[in-house]
Amino acid sequence: MALTRWPLIAVALALPTLVPLVAALSSFTRLDADLWSHLSEYVLPHVLPTTVLLLIIVSAGVSILGTALAVLVALFEFPGRRVFSWALLLPMAVPAYVLATVFVGTLDYSGSVATFLREHTGLLLPDLRNLAGVSLVLIAALYPYVYLVVRSSLAGQGARVLEAARSLGLSPAQAVLRVALPLSAPAIFGGTLLAAMETLADFGAVSAFNVDTLASAIYKAWFALFSIDAALQLAGVLLALVLVLLVLQSRVQRARRVATSAGPPAQRRPLGAIGAGLACATCSLVVALAFIAPLIQLGIWSARNLRDLDARVLAAGLNSLLLGSIAAASIVGIALLLGYASRRAPGRVVTAATRTATLGYALPGALLAVGLYVPLAALIAHINQWLGWGLMLQGGLALMLLAYAVRFTAVAHAPVIAGLSRIRPSLDEAARLAGHTGLGQLARVHLPLLRPGLAAAAALVFVDVMKEMPITLMTRPFGWDTLAVRIFELTSEGQWQRAGLPALAIVIVGLVPVVWLVRHLDSGSRERGSAA
């Protein structure tokens with residue numbers, strides 16, 4: 001294949017990401033006066049401040065909690081530190097809407113814990129189905145984003161930085177506050193921005209807590225008010241917030257490239273008896289509330305409701321497996337073509353196309369669903385008018401898989417690029433001399449070497465698709481339920497315990513990438529230790 005074709009392939013793969021962006025932004029060029037008057041008077045004054053306030057609270061919470069835990073694990077020694085170093089990542093396996101299901105199902109007025117306390121002690125728990133309740137759940141679900149990047153930053157700063165601070169007469173606490181944390185500020189902001197993007201994209205948790213945000217308002221405008229125009233214009237407002245976060249993220253990434261330091265890993269300082277006890281208790285409490293207790297509760301609910309393991313639940317599980325498998329195969333293929341285009345024809349066009357194609361992970365699922373549906377529906381309407389056909393678009397597998405591809409290409413791209421970077425260019429030259437060029441070279445030479453990276457990419461995409469809710473809920477064909485959709489339906493009806501079985505299945509599947517991540521981090525730590 002000629003080298004000039006690879007930029008065209010990269011551009012073609014990036015175009016679907018631009019479709020929802022253009023659709024959402026162009027909706028403001030054809031505003032309906034009555035519709036916009038309704039949105040600006042009754043909808044936006046309610047959901048926009050709530051969304052921004054939720055964003056601020058969760059961002060502050062995850063930055064404080066994630067950074068504090070990273071400092072404890074990376075810089076200090078205390079009993080159980082080695083276990084907590086990976087156990088604090090386990091909440092990543094629990095989607096926010098699953099954690100919300102457990103919290104509401106146990107602590108709400110009719111929940112098991114609230115009922116027990118009310119009947120035996122007379123204690124009434126405060127109402128959790130509000131902004132404060134969903135903020136706590138999102139903080140518990142998203143703090144690992146900050147913990148992971150800050151821990152890596154602190155581990156890689158080098159012992160000389162902290163030793164220099166100690167030599168200037170600073171105490172360990174002062175060295176952390178005045179030296180370590182300022183150097184890790186870009187990592188803190190970067191992890192916080194990732195959590196903020198997930199907060200904007202969240203749909204299931206806010207729905208469980210009856211909190212209206214822009215994401216849930218898009219769903220209600222489409223499926224409750226039956227106004228696709230209102231949904232699209234709300235998606236445009238949501239996109240504006242996402243673009244602000246993306247601009248901040250790009251600046252933070254540039255700062256992270258500057259704020260690096262070489263040297264051996266920081267030496268952990270042993271804590272005293274009181275400090276060690278507090279550190280151990282803090283880490284234990286976080287892991288217990290964010291992972292162990294929810295997992296136990298889901299197991300109890302599942303055991304009590306095994307009768308719900310009927311044809312409908314099994315069908316939802318099979319649909320989830322099928323969607324995850326198809327999406328993983330297709331998205332890994334897209335990521336492979338993008339990575340190979342960057343290898344064969346590096347340049348501004350391919351670089352820009354790759355960045356665009358991997359931008360979709362920052363876009364909320366509700367925005368993608370409505371942003372892809374509207375232009376595709378218009379396209380099919382033109383085809384019907386032109387050819388006299390009767391095609392209809394009411395959601396479908398093709399639309400759903402396209403939205404998955406836009407959302408999760410970035411997930412597969414990183415492992416694929418990492419695998420390609422380990423293949424020396426000299427191997428490409430040898431393959432060309434042997435007569436293998438273009439796609440033939442990719443199939444016969446690179447694919448066998450890329451199998452571990454492709455398998456990791458496929459596993460990550462598979463799990464993300466299994467957990468994804470808003471795209472599937474808003475674009476699925478009629479009657480096509482998945483485990484995530486089944487959880488939403490049951491919780492919408494207040495049947496929290498019956499949602500335990502599909503929720504437990506999602507958590508078990510979600511442990512796969514966490515285990516992979518823990519092993520990857522452990523191997524990286526061993527390599528740094530041996531190098532030192």
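Keep in mind it's a predicted model, so treat the numbers as computed, not measured.
With Ile56 as the fixed residue, the side chain to side chain contact (heavy atoms under 4.5 Å, CB included) test singles out one of Val52, Leu54, Val58: Val52.
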Please lay out, stage by stage, how Thr491 and Tyr97 fare under the test side chain to side chain contact (heavy atoms under 4.5 Å, CB included). CA-CA 10 Å; Thr491 54; Tyr97 61 84; over 6 Å; no
Phe189/Ser63 under side chain to side chain contact (heavy atoms under 4.5 Å, CB included): CA gap, chis, key distance, verdict: CA-CA 8 Å; Phe189 290 136; Ser63 62; over 6 Å; no
The test is side chain to side chain contact (heavy atoms under 4.5 Å, CB included); show your working for Thr482 and Met469 and say whether it passes.
CA-CA 9 Å; Thr482 64; Met469 178 183 286; over 6 Å; no
The test is side chain to side chain contact (heavy atoms under 4.5 Å, CB included); show your working for Val146 and Leu65 and say whether it passes. CA-CA 8 Å; Val146 179; Leu65 180 60; over 6 Å; no
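Of the possible donor and acceptor atoms, none in the side chain of Tyr109 sits under 3.5 Å from a partner among the backbone N and O of Leu125. Between the side chain of Arg486 and the main chain of Ala499, no donor-acceptor pair closer than 3.5 Å is present. At least one donor-acceptor pair closer than 3.5 Å links the side chain of Ser302 to the backbone N or O of Gly500. With hydrogens and angles ignored, the 3.5 Å screen pairs no side-chain donor or acceptor of Thr409 with any backbone N or O of Val406. With hydrogens and angles disregarded, no donor-acceptor distance shorter than 3.5 Å links the side chain of Thr356 to the backbone of Ala14. Listed for the Ser330 side chain is a donor-acceptor partner under 3.5 Å among the backbone atoms of Ala327. Looking only at distances, a side-chain donor or acceptor of Tyr143 sits under 3.5 Å from a matching main-chain atom of Leu88. Panel note: side chain Ser153, backbone Val149; no donor-acceptor pair is recorded below 3.5 Å. Side-chain atoms of Thr51 come within 3.5 Å of backbone atoms of Leu214 as a donor-acceptor pair (strictly under, hydrogens ignored).
The minimum heavy-atom distance between Leu239 and Ala24, with the atom names listed, is CD2-CB, 3.9 Å. Taking every heavy atom of both residues into account, Val102 and Pro294 meet most closely at CG1-CA, 3.9 Å. In terms of heavy atoms, Leu138 sits closest to Ala205 at CD2-CB, 4.2 Å. In terms of heavy-atom proximity, Val411 sits nearest to Tyr361 at CG2-CE1, 3.4 Å. Closest approach of Ala290 to Pro91, counting heavy atoms only: CB-CG, 3.6 Å. Taking every heavy atom of both residues into account, Gly510 and Val463 meet most closely at CA-CG1, 3.6 Å.
Counting heavy atoms from C-beta outward, Val73 and Arg81 have side chains that approach closer than 4.5 Å. Counting heavy atoms from C-beta outward, Val62 and Thr199 have side chains that stay 4.5 Å or more apart.
A distance of 7.5 Å separates OG in Ser59 from CG in Leu245, rounded to the nearest 0.5 Å. One distance of note links CG of Leu323 with CZ of Phe462; it measures 10.0 Å at 0.5 Å rounding. Here the OG atom belonging to Ser112 is positioned 9.5 Å from the CG atom belonging to Leu117, to the nearest 0.5 angstrom. With values rounded to the nearest 0.5 angstrom, Leu321 atom CG is found 11.0 Å from Ile326 atom CD1.
Residue-environment remark: CD1 (Ile274) stays at or below the threshold of 12 foreign heavy atoms within 6.0 Å.
Within the structure, every pair that satisfies the ring-ring contact (aromatic ring centres under 6.0 Å, His included) test and touches residues 193-218, not counting sequence neighbours, is listed here: Phe203-Tyr219, Phe203-Phe488.
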